[in-house]
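Naming: A, B, ... by sequence-line order, numbering from 1 per chain.
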Amino acid sequence: MSALVLDNGAYSAKIGYARDGVSIIPNCQFRSKTSRLKTFTANQLDEIKDPSGLFYILPFQKGYLVNWDVQRKVWDHLFGKEMFKVDFADTSIVITEPYFNFSSIQESMNEILFEEYQFQAALRINAGSLSAHRYFHENSSELCCIVVDSGFSFTHIVPYCRGRKMKDGICRINVGGKLLTNHLKEIISYRQLHVMDETHVINQVKEDVCYVSQDFFKDVETAQLKGEENTVMRDYVLPDFSAIKKGFCKPREEMNFTGKYKTSEQILRLNNERFAVPEMLFHPSDIGIQEMGIPEALVNSIKNMPEEMQPHFFKNIVLTGGNALFPGFRERVYHEVRALTPTEFQVSVILPQNPICYPWEGGKLLSENPDFEEMVVTREDYEENGHFICEEKFDI
Amino acid sequence: MVEKKVSMRSQDPNQRRVLDSATRQRRLTRQLEALEKDNFQDDPHASLPQLAKRLPQFDESNEPNEQGKRRKKTRGDHFKLRFRKNFQALLEEEDLSVSEGPNYLTACAEPSKFPQRHFCAVCGFPSHYTCVSCGARYCCVRCLGTHHETRCLKWTV
Ligand SMILES: Nc1ncnc2c1ncn2[C@@H]1O[C@H](COP(=O)(O)OP(=O)(O)O)[C@@H](O)[C@H]1O
Ligand SMILES: [Mg+2]
Ligand SMILES: [Zn+2]
Ligand SMILES: [Zn+2]
């Protein structure tokens with residue numbers, strides 16, 4: 001019997017057998033204007049030589065699985081002979097779902113896993129619960145932790161007390177990596193170059209040059225300086241997908257502060273965009289989303305917890321999801337939470353080695369847990385009891 | 001400094017159309033909705049109608065027999081209808097207004113207690129002024145000029 005762990009994110013699937021390792025695969029399909037006969041699925045993205053103007057077909061909308069045709073195509077590909085060669089009759093799957101997943105999506109999930117693919121057993125769970133499991137596994141003396149999961153569609157803040165998800169403390173900020181990339185696309189297109197069709201390229205720009213400011217108004221001042229004094233400014237060489245396969249920042253010593261470059265490279269000049277874009281995670285109201293930012297929401301969520309637990313949450317803040325990779329993210333969360341918290345409380349913010357795969361690692365540990373057998377629903381159980389048994393056992 | 005570039009007339013609320021607050025709110029909503037979009041360009045297959053027919057369709061509802069030929073019939077197929085709902089439809093179907101305890105709607109972060117910050121709609125730096133016509137923020141006369149020429153009342157998005 002093998003365990004397959006699938007953290008089924010709206011942007012990428014983090015997937016692998018528990019005994020092996022994890023792979024990060026795009027959880028979507030693509031169409032390219034250069035190959036007009038084919039729809040590419042998941043990691044077939046690598047076959048597209050010129051991904052400019054790449055067209056995305058995503059299974060998720062606002063973080064919830066709505067397009068099952070696309071999701072099945074991706075899963076067929078992942079489970080099939082090209083990739084994981086799943087022997088369904090001999091495999092248990094651990095699969096993640098968003099918080100407060102709609103009941104009809106949950107039922108569709110049961111049907112597809114048990115009736116269509118016919119997995120031997122399944123455990124459906126929130127990615128944050130896997131992260132909490134991973135955290136308590138390594139920090140067995142801690143009683144509580146509060147998980148920040150900042151991914152593609154949104155950011156969740158979820159307190160866990162031991163194994164228990166504290167539902168009253170769950171908070172969702174409607175800012176995720178997708179919004180950041182689209183916002184960056186929008187402001188670049190307005191200020192310098194039309195890139196609205198270049199989600200793939202600009203997403204890479206975001207990951208390469210954006211950072212979380214430690215002192216927003218100081219960085220604003222620096223970005224207003226002229227010439228070499230402006231240490232925020234970067235010139236990003238866009239890929240042309242022939243000579244330049246991947247975009248990159250011009251080394252500082254090659255930057256031309258005064259005029260245009262003589263080379264034919266296409267350059268984006270990034271200045272306040274570098275920190276103003278990730279700033280949305282800390283001040284969503286900057287673009288008109290009237291919601292708290294991450295540190296304020298963390299403190300607010302902890303304040304809703306029983307008083308005796310609160311100190312335990314403040315010292316176990318765990319950052320997960322792709323946005324946690326922005327340079328400066330952890331430090332900023334720490335400083336703001338520290339400033340909003342009474343001094344007698346210890347504040348500690350943990351950024352795992354791999355914040356994207358942290359839930360997957362938790363799923364792996366869970367599948368190796370002696371209690372795992374009790375936690376799953378087997379196909380037999382499902383065939384006998386239907387959705388009911390899944391509702392009983394799974395905590396979504 | 002560059003004050004002379006902008007004529008007094010263009011700043012006079014009596015001369016320029018002024019958008020009402022409902023229109024301003026609609027604009028903001030549309031801008032935020034645009035940030036949720038998966039693509040801004042057209043599907044590269046859409047311009048090939050003949051070809052597209054033979055390829056998997058995603059958003060349109062397929063003719064069942066056309067689908068049946070291409071893909072082996074799976075047990076889930078009779079749930080088709082449920083498999084085709086968009087986010088809004090699913091949310092309404094959940095009917096959270098009657099549900100007890102925390103749910104998707106109640107979990108949304110509250111408004112921040114910190115004061116709103118304002119940034120120039122043109123250059124992104126902090127702004128101290130508001131466009132009289134549309135309510136957009138700007139930081140200097142130059143940015144206001146750009147704003148009038150490019151967006152403001154011209155902007156339909
Ligand atoms: N190094 C990075 N810096 C900033 N953002 C990143 C980085 N790597 C990935 N991301 C962003 O993280 C998001 C995906 O995070 P992930 O937690 O895998 O999301 P999901 O689970 O929703 O699929 C994407 O928007 C991606 O652009
Ligand atoms: Mg995720
Ligand atoms: Zn300005
Ligand atoms: Zn205006």
(request) With a 4.5 angstrom heavy-atom cut-off, could you sort out which part of A:Leu340 is near chain B: side chain, backbone, both or neither? (result) side chain

(message) Less than 4.0 angstrom from a charged side-chain N to a carboxylate O is my criterion; do B:Asp38 and A:Lys178 meet it?
(response) yes

(message) Just by distance, no angles: are the side chains of A:Glu279 and A:Ser213 close enough, under 3.5 Å, to form a donor-acceptor pair?
(response) no

(message) Need one label for A:Asn174: side chain, backbone, both or neither, based on atoms under 4.5 Å from any heavy atom in chain B.
(response) side chain

(request) With a 4.5 Å cut-off on heavy-atom pairs, point out which of B:Arg151, B:Lys37, B:Glu36, B:Gln116 contacts chain A the most. (result) B:Arg151

(message) Heavy-atom pairs under 4.5 Å with chain B: which of A:Asn272, A:Ile170, A:Asn300 has the most?
(response) A:Asn272

(message) Heavy-atom cut-off 4.5 Å, strictly under: side chain, backbone, both or neither for B:Tyr104 against chain A?
(response) both

(message) Need one label for A:Ser32: side chain, backbone, both or neither, based on atoms under 4.5 Å from any heavy atom in chain B.
(response) backbone

(request) Taking atom types as modelled, find out whether A:Asp219 and A:Thr222 have a side-chain donor-acceptor pair closer than 3.5 angstrom. (result) no

(request) Against chain B, label A:Ile157 side chain, backbone, both or neither, depending on which of its atoms sit under 4.5 Å from a heavy atom there. (result) neither

(message) Please classify the contact between B:Glu94 and chain A as side chain, backbone, both or neither, with a heavy-atom cut-off of under 4.5 Å.
(response) side chain

(message) Pairing donors with acceptors under 3.5 angstrom, does anything connect the side chains of A:Lys185 and A:Thr199?
(response) yes

(message) Looking only at the aromatic ring of each residue, does the gap between the centers of A:Phe55 and A:Phe30 stay below 6.0 angstrom?
(response) no

(message) So that I can tick it off, tell me whether A:Arg72 and A:Glu116 are bridged by a salt bridge, with the cut-off set at under 4.0 angstrom between side-chain N and carboxylate O.
(response) yes

(message) Between A:Ile48 and A:Phe40, is there a side-chain heavy-atom distance shorter than 4.5 Å?
(response) yes

(message) Has B:Lys154 got a side-chain atom pairing as donor or acceptor with B:Glu149's backbone, closer than 3.5 angstrom?
(response) yes

(message) Under 4.5 Å from any heavy atom of chain A, what part of B:Asn39 do you find: side chain, backbone, both or neither?
(response) side chain

(message) Less than 4.5 Å to any heavy atom of chain B: does that hold for the side chain of A:Leu179, its backbone, both, or neither?
(response) both

(request) Identify which of B:Leu28, B:Val122, B:Thr150 forms the greatest number of heavy-atom pairs closer than 4.5 Å to chain A. (result) B:Val122

(message) Is it the case that the ring center of A:Phe119 lies less than 6.0 angstrom away from the ring center of A:Phe79?
(response) yes

(message) Using a 4.5 angstrom heavy-atom cutoff, name the option from B:Ala121, B:Pro126, B:Gly124 with the most pairs to chain A.
(response) B:Gly124

(request) Just give me the residue among A:Phe216, A:Phe60, A:Phe217 that pairs up with chain B most often, heavy atom to heavy atom, under 4.5 Å. (result) A:Phe216

(request) With a 4.5 angstrom heavy-atom cut-off, could you sort out which part of B:Ala89 is near chain A: side chain, backbone, both or neither? (result) neither

(request) Name the member of A:Asn182, A:Asn271, A:Val220 that forms the most heavy-atom pairs with chain B at distances under 4.5 Å. (result) A:Asn182

(request) Name the region of A:Gln224, side chain, backbone, both or neither, that has any atom closer than 4.5 Å to a heavy atom of chain B. (result) both

(request) Under 4.5 Å heavy-atom distance to chain B, tell me which part of A:Ser189 shows up: side chain, backbone, both or neither. (result) neither

(message) Under a 4.5 Å cutoff for heavy-atom pairs, which residue among A:Gln61, A:His156, A:His183 has the most contacts with chain B?
(response) A:Gln61

(message) If we ignore hydrogens and angles and just use 3.5 Å, is the side chain of A:Ser301 paired with the main-chain N or O of A:Gly169 as donor and acceptor?
(response) yes

(message) We want to know whether A:Thr41 and A:Gln29 form a side-chain donor-acceptor pair, criterion being a heavy-atom distance below 3.5 angstrom.
(response) yes

(message) Less than 4.5 Å to any heavy atom of chain A: does that hold for the side chain of B:Thr146, its backbone, both, or neither?
(response) both

(request) Identify which part of A:Phe102 has an atom lying under 4.5 Å from any heavy atom of chain B, answering side chain, backbone, both or neither. (result) both

(request) Check for a donor-acceptor pair, side chain of A:Thr155 on one end and backbone N or O of A:Val175 on the other, with a separation under 3.5 Å. (result) yes

